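Notes follow once the structure below has been shown.
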Amino acid sequence: QADESIKKQMEERAAAENISFLSPEEGGFTGITAETPFYINESGNPVIVFEKYEIAPGSAGEIYFEIER
């Protein structure tokens, strides 16, 4: 569920914010693991954090995805 939410949000941001996310073949997002950093926000939802350059060009900075429950 979290992976699908992130993929959907990536598509939305690519269109709305003109972010060129890296493809899985380029080392981009393939799914979250037990080591993927996250925190719980004030709404009680997990927020997945990707470091600069991890899934998008450095100009995008750190990227956060809130997973609504």
Side-chain angles (χ1 to χ4, degrees):
Q1 179 190 16
D3 287 348
E4 292 306 314
S5 176
I6 290 171
K7 288 176 186 175
K8 182 178 182 217
Q9 290 182 59
M10 286 172 66
E11 290 175 12
E12 292 168 354
R13 287 192 192 173
E17 300 173 28
N18 199 28
I19 297 175
S20 297
F21 289 98
L22 302 174
S23 70
E25 296 78 25
E26 296 170 317
F29 180 73
T30 56
I32 61 171
T33 67
E35 289 78 37
T36 303
F38 74 96
Y39 64 90
I40 304 298
N41 67 11
E42 59 280 346
S43 300
N45 293 328
V47 178
I48 309 300
V49 181
F50 292 97
E51 298 295 324
K52 187 175 182 179
Y53 300 106
E54 190 171 354
I55 63 169
S59 59
E62 286 188 334
I63 299 176
Y64 302 84
F65 295 101
E66 180 177 358
I67 309 301
E68 295 186 12
R69 301 181 296 144

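Along the sequence shown, the residues carry numbers beginning at 1. Since we're looking at a predicted model, the values are computed, not measured.
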Problem - Any donor-acceptor N/O pair, D3 side chain to I32 backbone, under 3.5 Å - result: yes
Handout entry: Polar contact flag, side-chain donor to acceptor under 3.5 angstrom, S5-Q1
Key = no
Fill in the blank from the handout: Rounded to the nearest 0.5 Å, the OG1 atom of T30 sits from the CD atom of E25 at a distance of 10.0 Å
Fill in the blank from the handout: Separation between CD1 (I55) and CG (L22), nearest 0.5 Å, reads 8.0 Å
Fill in the blank from the handout: Minimal heavy-atom distance between F38 and P46, with the atoms involved, is CD1-CB, 4.3 Å
Problem - Check: N45 main-chain N/O paired with S43 side-chain donor or acceptor under 3.5 Å - result: no
Practice task
Rounded to the nearest 0.5 Å, what's the gap from CD on E51 to CD1 on I63? Could you check?
Solution key: 10.5 Å
Problem - Crowding at CD, E17 (>12 non-hydrogen neighbours, <6.0 Å) - result: yes
Fill in the blank from the handout: salt bridge (Lys or Arg N to Asp or Glu O under 4.0 Å) pairs touching residues 52-69, sequence neighbours excluded, are none
Handout entry: Connected via hydrophobic side-chain network under 4.5 Å: I40 and I6
Key = yes
Fill in the blank from the handout: To the nearest 0.5 Å, atom CZ of F29 lies from atom CD of Q9 at 10.0 Å
Problem - Non-neighbouring partners of F21 that pass ring pair (Phe, Tyr, Trp, His ring centres under 6.0 Å), sequence neighbours left out - result: none
Handout entry: Heavy-atom closest pair, residues I67 and A2
Key = CD1-O, 3.9 Å
Handout entry: Y64 to R13 - nearest heavy-atom pair and separation
Key = O-NH2, 2.5 Å
Completion exercise
d(N41 CG, Y39 OH) to nearest 0.5 Å is 6.5 Å
Handout entry: Which residues share a salt bridge (Lys or Arg N to Asp or Glu O under 4.0 Å) with E4, sequence neighbours left out
Key = K7
Completion exercise
Between S20 and P57 the two heavy atoms that sit nearest each other are O-CD, 2.9 Å
